[in-house]
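Structure, as C-alpha cells:
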Amino acid sequence: MRDSLIVTARKRLPSAFESRSFVVKSARAVEVGRGRLQGRDLARPFWGIRTPVASAEARLLSMPPRPGEHPGKVAQRRAHALALSYAPRLKPGQFFSHLTAARLHGIPLPAAFDGCELLDVSVPSPRRAARALGIQGHRQDVATSDLVLVSGLPVSAPSRVWLELASLLTDEDLVCVGDYLLWWRQPRATAQDLELACTVWRGRPGIAKLLEIVPILSDRSDSPAESRIRYRLLHAGLPRLSVNEKIFDSRGVFIAMPDLAFRGYRMVMDYEGDHHRTDRVQWEKDIARVPRLEAANWHSTRMSAQDLTDSRELIRRLKRLLRERGWEG
C-alpha cells in the first residue's frame, strides 16, 4: 500500500504581519514560532526582519527592469523597497539620509551609484550610528525641520540631502541635484533654502563649494543633461546662459524656447535626447524652428549625447562662434 501524501497547512500569520515587513522579535513576542519564521513565504532582506513575499516591498524588489527603463529609476525603486523593508528596525530618531534619501526623493544621481544598495541610516548625535549588514550608518546634528516623511518613512528634507551629498558628488553632479530641487514645475526647495542650509552647516566638508554653486543653479533646467552641459560651458569661461526662456522676433512673435541661450550674442543651443529622435512630432518641430531662428539672426546649435560624453569640441565651436559675434573672452 502506497504511503499517503500528507500536506500540512501553513499557519497563518497575525494580521499585523501579513502584508508588510516586521521584526522577528515582535513576531516571537506574539508566539509566532521559529519554524513559521523560516517559511518560504517570508523573505529575509535584513537580519532580524521578515518580509511577506506578497507585500508591496517584496513585489518591488522582485520586479524586473521594464523595457528601456533607466538604471537610475530601477535603483530608486529598489531603494524604496529596501527602505520599506528595513523601516520596522528603525529606532526612534533614526532616519534615511544621503544616497538613500536622494533616491526616495527621486533625485537623479550619477550612474556610478546605480549598483549601490546600501541603505544610509542616520541618527542624531551623539547617539551611536546604526550598524547592520547592508546599512551605512551616520551620526548627524539634526532638527525636526530637517526631516520629512516620504511614503511614511522619515527622510532627510531635500535641502538637507543636497548638503549630505556634498562630500560624495562632484561639483557638476551637485549642480544637477540643485537644479532638480529648484525645478519650477515641481520645486522641492528654493535657492534661499539651499543657501540657508549651507550657512547653518558652514565649515563642514563640502559646504564651501556648495556656497559657490548656489548662484549658478537654475530653476528652469529640464534635465540633468542640460544641467551638465550648462555647468561645463560656465566652467570653461563662456558667458552666463539663459535657460529655457522664450525668444521672440522684432514684432513680438514667439520663435522658440531653447534649452540654453547666449542672449547677448543671439545664440541658442538645444540638447537632442532620444525622445527628439524617436518622437516624429517633436523632431519636425525642432527642424521647423531653425529657419525661424536664422531669419531673426539667431544662430542655432544642436547638441547630442556625444557632446555630453566629451564636450571639448562643443566648447571650442561655441567659443569661435561667440568671438565672431563680438565676445572678447
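Note that the coordinates shown come from a computational prediction; the quantities given were computed from them, not determined experimentally.
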Main-chain N/O of Arg325 paired with Arg266 side-chain donor or acceptor, under 3.5 Å:
no
Go through the structure and list residues passing side-chain hydrogen bond (donor to acceptor under 3.5 Å, both in side chains) with Asp310, not counting sequence neighbours.
Arg312
Under 3.5 Å, is there a donor-acceptor pair linking the side chains of Ser159 and Asp193?
no
Is there any side chain to side chain donor-acceptor pair (under 3.5 Å) pair reaching into residues 115-133, and which pairs are they, with sequence neighbours excluded?
Arg78-Glu117, Ser97-Ser122, Asp120-His138, Ser122-Gln140
With a 3.5 Å distance limit and no angle check, can you tell me whether His105 reaches the backbone of Ile107 through a side-chain donor-acceptor pair?
no
Does CD belonging to Glu31 count more than 12 external heavy atoms closer than 6.0 Å?
no
Trp327 (side chain) donor-acceptor with Lys319 (main chain) under 3.5 angstrom
no
Residues in side chain to side chain contact (heavy atoms under 4.5 Å, CB included) with Gln76, at least two apart?
Lys73, Arg103
Using a strict 4.0 Å threshold on nitrogen-to-oxygen distance, state whether Arg232 and Glu172 make a salt bridge.
yes
Heavy-atom closest pair, residues Ile255 and Phe248:
CD1-C, 3.8 Å
Donor-acceptor pair, side chain of Gln94 and main chain of Ala130, under 3.5 angstrom
no
Scan the side chains in residues 143-156 for donor-acceptor partners under 3.5 Å anywhere in the protein, sequence neighbours excluded, and list what turns up.
from: Asp146; atom 1: OD2; to: Ala143; atom 2: N; distance (Å): 2.9
from: Asp146; atom 1: OD2; to: Arg160; atom 2: NH1; distance (Å): 2.9
from: Ser151; atom 1: OG; to: His80; atom 2: NE2; distance (Å): 3.3
from: Ser156; atom 1: OG; to: Glu164; atom 2: OE1; distance (Å): 3.3
from: Ser156; atom 1: OG; to: Glu164; atom 2: OE2; distance (Å): 2.7

Please name the pair of heavy atoms, one in Ala189 and one in Leu182, separated by the smallest distance, quoted to 0.1 Å.
O-CD2, 3.3 Å
Looking only at non-hydrogen atoms, find the nearest pair between Ser227 and Asp179 and report the distance.
OG-OD2, 2.7 Å
Return yes if some donor-acceptor pair links the side-chain N/O of Arg302 with the main-chain N/O of Ser300 below 3.5 Å, else return no.
no
Return yes if some donor-acceptor pair links the side-chain N/O of Arg50 with the main-chain N/O of Gly39 below 3.5 Å, else return no.
no
Using side-chain hydrogen bond (donor to acceptor under 3.5 Å, both in side chains) as the criterion, list what pairs up with Asp307, not counting sequence neighbours.
none
Can you measure from CG (Leu163) to NE2 (His98) and round to the nearest 0.5 angstrom?
10.0 Å
Heavy-atom closest pair (Ala261 atom, Pro258 atom, distance to 0.1 Å) is CB-CG, 4.2 Å
Leu318 reachable from Met303 in the ILVMFWY side-chain graph, under 4.5 Å edges
yes
Got a list of side-chain donor-acceptor pairs under 3.5 Å for residues 207-220, not counting sequence neighbours?
from: Lys209; atom 1: NZ; to: Ala166; atom 2: O; distance (Å): 3.1
from: Lys209; atom 1: NZ; to: Leu169; atom 2: O; distance (Å): 3.1
from: Ser218; atom 1: OG; to: Arg220; atom 2: N; distance (Å): 3.0
from: Arg220; atom 1: NE; to: Asn244; atom 2: O; distance (Å): 3.4
from: Arg220; atom 1: NH2; to: Asn244; atom 2: O; distance (Å): 2.9

Other residues, nucleotides and ligands only: do more than 12 of their heavy atoms fall within 6.0 Å of CZ on Arg77?
yes
